[in-house]
Amino acid sequence: MPTPTPDTQAVRSWVADATAAPSMHNAQPWLFRYTGDSGELLLRMDPDRTMPRTDPSARGLHIGCGAALFNLRVAAARTGWDAHVRLLPEVEAPAELAVVTFVPAGAQDGIAALYPAIAKRHTSREPFTDETVPQAVLDGLSGAALAEGARLTFPGAWQVQAMLDLVWDAGHEEQLSPEVREEIARWTGTGAEEATGQGVPSSAFGPRRYDGRAPVRDFAGNRPVEGRRSAVFEQTPCLAVLGTSEDGPRDWLLAGQAMERVLLQATLDGLSTSLNSQALEWPELRWAMRDPQSTTGYPQMVIRLGYGPEVRPTPRRPVSDVFDVV
Ligand SMILES: Cc1cc2nc3c(=O)[nH]c(=O)nc-3n(C[C@H](O)[C@H](O)[C@H](O)COP(=O)(O)O)c2cc1C
């Protein structure tokens with residue numbers, strides 16, 4: 001008997017869930033193609049959505065696509081399908097990131113339980129309270145990263161302060177580079193986000209920091225944002241470093257899946273989250289982010305966790321723009 005393949009409608013709805021994933025500057029650098037006959041779903045990078053200045057190696061792009069892949073796996077699992085992922089199938093075609101096939105699952109995989117968090121997770125650039133995140137919750141998040149082959153570590157207080165210094169330095173580097181500023185301005189606060197379904201609207205910038213160092217990127221830079229308030233951010237933020245043991249495209253895709261698994265689990269745990277890759281975008285600062293005492297290896301993302309207000313979703317492109325069937 002031939003192996004059943006999912007129908008196009010099901011795959012389309014999984015892709016819709018995949019696109020709720022975080023991506024650098026909300027560029028949504030993914031394209032999905034489903035071949036109905038073979039039941040193979042190909043994930044490719046969208047060459048028009050690279051960031052030559054802030055992401056020259058496309059590391060961030062791979063991380064975003066990995067996150068989308070994880071959402072897809074969760075959405076498929078929820079409807080009783082196991083997604084089998086083959087990463088980077090063709091050496092000679094680096095734009096092809098993964099091929100996914102689906103087999104009916106006997107029992108629902110554990111990741112299906114994460115499904116409600118896909119729509120609930122948003123990057124929050126609001127201040128969090130100073131309430132401590134329980135150790136058991138942090139342990140669970142480390143376990144989520146480990147299940148995807150990555151490591152999530154929680155630096156101690158002095159290390160967090162050192163990380164905030166590095167983020168500050170990265171912000172300074174950004175301000176000194178007109179090319180970087182131009183690239184960020186092209187994707188953020190343009191006022192066209194709702195119409196185009198992409199980019200970070202100024203309503204998602206969060207408040208300007210009142211004083212000190214905020215663990216959050218200020219996408220506004222020196223640009224004025226009408227009606228923007230200022231606020232004091234948490235003094236001792238709960239920051240986690242997601243790391244992999246190697247540092248190639250496959251590891252970045254793996255890191256993206258691990259990152260999304262952590263974010264979805266954190267969302268289910270009632271936490272607000274934000275991402276910060278600012279210091280990781282400058283090679284010398286990224287190196288300094290690496291903790292020589294830990295097994296984190298290569299830092300791929302800084303994740304901020306805590307308790308904060310609900311925030312609104314950012315726009316997405318229509319599924320028809322990123323999904324086709326052959
Ligand atoms: C690789 C990568 C790097 C990111 N870097 C930052 C960052 O430095 N600062 C920030 O505020 N958000 C960062 N983000 C979050 C994106 O801006 C966010 O996911 C996107 O705007 C979509 O919004 P959402 O997460 O609320 O869906 C990053 C996301 C990814 C995947």
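The analysis underlying the following values was restricted to heavy atoms, covering all of them including side chains, and did not include hydrogens, waters or symmetry mates. When a ligand or atom number is given, it counts from 1 through the structure's own listing order.
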Handout entry: Polar contact flag for G60 and ligand 1 (N/O pairs, less than 3.5 Å)
Key = no
Handout entry: V200, portion touching ligand 1 at heavy-atom distance under 4.0 Å
Key = side chain
Handout entry: No-hydrogen, no-angle side-chain donor-acceptor test under 3.5 Å, D269 and Q265
Key = yes
Exercise for the section: Fit a plane to each ring of F323 and Y34, take the angle between them on a 0 to 90° scale, and name the class: parallel (under 30°), tilted (30 to 60°) or perpendicular (over 60°). Expected result: parallel
Exercise for the section: Give the residue, atom name and distance (to 0.1 Å) of the protein heavy atom nearest atom 19 (O) of ligand 1. Expected result: P22 CB, 3.0 Å
Practice task
Consider every N or O of R121 and every N or O of ligand 1, then say whether any pair is closer than 3.5 Å.
Solution key: yes
Handout entry: F219 and W187 aromatic centres sub-6.0 Å
Key = no
Problem - Nearest option to atom 9 (N) of ligand 1, as decided by whichever heavy atom of L275, T273, T54 sits closest - result: L275
Problem - Basic-acidic side-chain contact under 4.0 Å: R217, E281 - result: yes
Completion exercise
Going by the 4.0 angstrom heavy-atom rule, the piece of H62 near ligand 1 is neither
Fill in the blank from the handout: So for N26 against ligand 1, with non-hydrogen atoms under 4.0 Å, the contacting part is both
Completion exercise
When distances are taken from atom 5 (N) of ligand 1, the protein heavy atom at minimum range is S277 OG, 2.9 Å
Problem - Side chains of I184 and V180 in contact at under 4.5 Å (non-hydrogen atoms) - result: yes
Exercise for the section: Please confirm whether T314 comes under 4.0 Å of ligand 1, counting heavy atoms of the residue only. Expected result: yes
Fill in the blank from the handout: Under 4.0 Å from one or more heavy atoms of H122, ligand 1 contributes atoms 26 (O)
Completion exercise
re atom 11 (O) of ligand 1, the protein heavy-atom contact at minimum distance is R125 NE, 2.6 Å
Exercise for the section: Identify the protein heavy atom lying closest to atom 30 (C) of ligand 1, giving its residue, its atom name and the separation to 0.1 Å. Expected result: M24 N, 3.5 Å
Exercise for the section: Enumerate the atoms of ligand 1 whose separation from the nearest heavy atom of R316 is less than 4.0 angstrom. Expected result: 22 (C), 24 (P), 27 (O)
Practice task
Answer yes or no: is there an ion pair linking D218 with R208, defined by an N-O contact shorter than 4.0 Å?
Solution key: yes
Problem - E281 N/O under 3.5 Å from ligand 1 N/O - result: no
Practice task
Answer yes or no: is there a donor N or O on one side and an acceptor on the other, between the side chain of Q28 and the main chain of G197, under 3.5 Å?
Solution key: yes
Practice task
Mind checking whether S23 contacts ligand 1 via backbone (N, CA, C, O), side chain (CB onward), both or neither, at a 4.0 Å heavy-atom cut-off?
Solution key: backbone
Exercise for the section: Would you please say whether a donor-acceptor pair under 3.5 Å links the side chains of N222 and R181? Expected result: no
Exercise for the section: Identify, for atom 8 (O) of ligand 1, the protein heavy atom at the shortest distance, and state residue, atom and that distance. Expected result: R217 NH1, 2.7 Å
Problem - Contacting atoms of ligand 1, where contact means under 4.0 angstrom from a heavy atom of Q278 - result: 8 (O)
Exercise for the section: Taking only Lys NZ, Arg NE, NH1 and NH2, and the carboxylate oxygens of Asp or Glu, determine whether R53 and E179 approach each other closer than 4.0 Å. Expected result: no
Completion exercise
Closest to atom 2 (C) of ligand 1 among protein heavy atoms sits M301 CE, 3.4 Å
Exercise for the section: Select the closest option to atom 24 (P) of ligand 1 among I63, T123, N276, judged by heavy-atom distance. Expected result: T123
Problem - Short side-chain donor-acceptor distance under 3.5 Å, R316 and Q198 - result: no
Handout entry: Sidechain N-carboxylate O distance under 4.0 Å for D324, R12
Key = no
Problem - SB check R229 E126 (cutoff 4.0 Å) - result: yes
Practice task
Give the atoms of ligand 1, by number and element, whose distance to some non-hydrogen atom of F219 is under 4.0 Å.
Solution key: 10 (C), 11 (O)
